[in-house]
Amino acid sequence: MERRENQTPQGQIARVLVEFLEVAIASVVFLKGVYPSGAFERRRYMNVVVQRACHPQLRYYIHATISGLLPFIQKGMVERVAVIFFNANDVPLEKFVFMLGVNLSYGSTVEEVDLQFSLRSFLSKLSISESLTKKLPPGTSKEANLWIPSDTKQWQQPPLITPIKSMNCEPLCLQLYLEHPCLSESLL
């Protein structure tokens, strides 16, 4: 990775965003209880207590997947990052969606402290969002745990959307929301 002093504003924003997404996604996975709580450890990130994967394979998987987004975020090619939870029949039950907006024409130096201050509120809000989520059914298949590109046709009806947090701190806009299938689909 480039040294911080030599990064363009876009590179700096992308680096902070990728680092944040790695922590936020580990927090979502912990929140949903997909893995035993022993697979996580409490850590401080941006001066907020978060859950970090301590199981080496899980930590590497999250890191490698999110780090792979870096060049695409730098080019403005990523609009959304979603963590999707499936039932045993591989039907999506719930999506945590991070909607990204990066101003690629931003030419000033990014105040990383200001950006981190804004992102810190997401982590705080995420840690208390469990009441907004649905309990996952036990016994999901091994294939359902894979991270895959999502197909926009997976849900035929518009989903129920629950906003969790949003921010606009030039040059970054970020929204986090939860999607559930509409009631008619969830009964199928």
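Counting from 1, the numbers follow the sequence of the chain as shown. All heavy atoms count here, side chains included; hydrogens, waters and symmetry mates do not.
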Original post:
Are Val16 and Leu69 connected in the hydrophobic side-chain network, where two residues link if heavy atoms are under 4.5 Å apart?
Top reply: yes
**OP:** Can you measure from NZ (Lys125) to CG (Leu176) and round to the nearest 0.5 angstrom?
**Re:** 10.0 Å
Subject >> Considering all heavy atoms, the nearest Leu119-Phe20 contact >> reply: O-CE1, 3.6 Å
**OP:** Return the minimal non-hydrogen interatomic distance between Lys165 and Phe122, and the atom names on each side.
**Re:** O-CE2, 3.5 Å
Subject >> Backbone of Ser118 reached by a side-chain donor or acceptor of Ser121 within 3.5 Å >> reply: yes
Original post:
Does the side chain to side chain contact (heavy atoms under 4.5 Å, CB included) test come out yes or no for Met167 and Leu172, once each step is laid out?
Top reply: CA-CA 8 Å; Met167 64 156 263; Leu172 177 65; 4.1 Å; yes
Original post:
In Å, rounded to the nearest 0.5 Å, how long is the span from CG of Asn103 to SG of Cys169?
Top reply: 12.0 Å
Original post:
Same cluster for Leu174 and Met77 if Ile/Leu/Val/Met/Phe/Trp/Tyr side chains link at under 4.5 Å?
Top reply: yes
Original post:
At their closest point, which heavy atom of Phe98 faces which heavy atom of Val28, and how far apart are they?
Top reply: CZ-CG2, 4.5 Å
Original post:
What is the minimum heavy-atom distance between Leu126 and Ser27, and which atoms define it?
Top reply: CD2-CB, 3.9 Å
**OP:** Could you check Val97 against Glu179 for side chain to side chain contact (heavy atoms under 4.5 Å, CB included), going step by step and ending with a plain yes or no?
**Re:** CA-CA 8 Å; Val97 181; Glu179 286 186 12; 4.1 Å; yes
Original post:
Can you list the residues that meet the salt bridge (charged side-chain N to carboxylate O under 4.0 Å, His left out) rule with Arg80, with sequence neighbours excluded?
Top reply: none
Original post:
Which residue pairs pass the side chain to side chain donor-acceptor pair (under 3.5 Å) test when at least one of the two sits in residues 44-60, sequence neighbours left out?
Top reply: Glu19-Tyr45
Subject >> Single-linkage hydrophobic cluster Val48~Val29, side-chain heavy atoms < 4.5 angstrom >> reply: yes
**OP:** Determine, using the 4.5 Å side-chain heavy-atom cutoff (strictly less than), whether Tyr35 and Val23 are members of one ILVMFWY cluster.
**Re:** yes
Subject >> Residue pair Phe40 / Pro36: nearest heavy atoms and the distance that separates them >> reply: CD1-O, 3.7 Å
Original post:
Are any of the side-chain heavy atoms of Leu17 and Leu100 separated by less than 4.5 Å?
Top reply: yes
Original post:
Mind checking what makes salt bridge (charged side-chain N to carboxylate O under 4.0 Å, His left out) contact with Glu79, not counting sequence neighbours?
Top reply: none
Original post:
Sub-3.5 Å donor-acceptor pair from the side chain of Arg43 to the main-chain atoms of Val50, do we have one?
Top reply: no
Original post:
Can you find a heavy atom in the side chain of Ser37 that is under 4.5 Å from one in the side chain of Phe30?
Top reply: yes
Subject >> side chain to side chain contact (heavy atoms under 4.5 Å, CB included) assessment of Thr162 paired with Tyr177 >> reply: CA-CA 6 Å; Thr162 306; Tyr177 57 91; over 6 Å; no
Subject >> Side-chain heavy atoms of Ser166 within contact of Asn168, under 4.5 Å >> reply: no
Subject >> Approximate separation, where rounding is to 0.5 Å, of Leu31 CG and Phe96 CZ >> reply: 5.0 Å
**OP:** Decide whether Leu70 and Leu115 are clustered together by the hydrophobic rule: side chain heavy atoms of Ile, Leu, Val, Met, Phe, Trp, Tyr closer than 4.5 Å, transitively.
**Re:** yes
**OP:** Output, in order, the C-alpha distance, side-chain angles, deciding distance and verdict of side chain to side chain contact (heavy atoms under 4.5 Å, CB included) for Leu21 and Val81.
**Re:** CA-CA 9 Å; Leu21 285 171; Val81 175; 4.2 Å; yes
**OP:** Would you name the heavy atoms of Ile73 and Ala14 that are closest together and state the gap between them?
**Re:** CG2-CB, 3.8 Å
Subject >> His63 NE2 to Ile25 CD1 distance, which is reported to the nearest 0.5 Å >> reply: 13.0 Å
**OP:** Report yes if some heavy atom in the side chain of Phe72 is under 4.5 Å from a heavy atom in the side chain of Val78; otherwise report no.
**Re:** yes
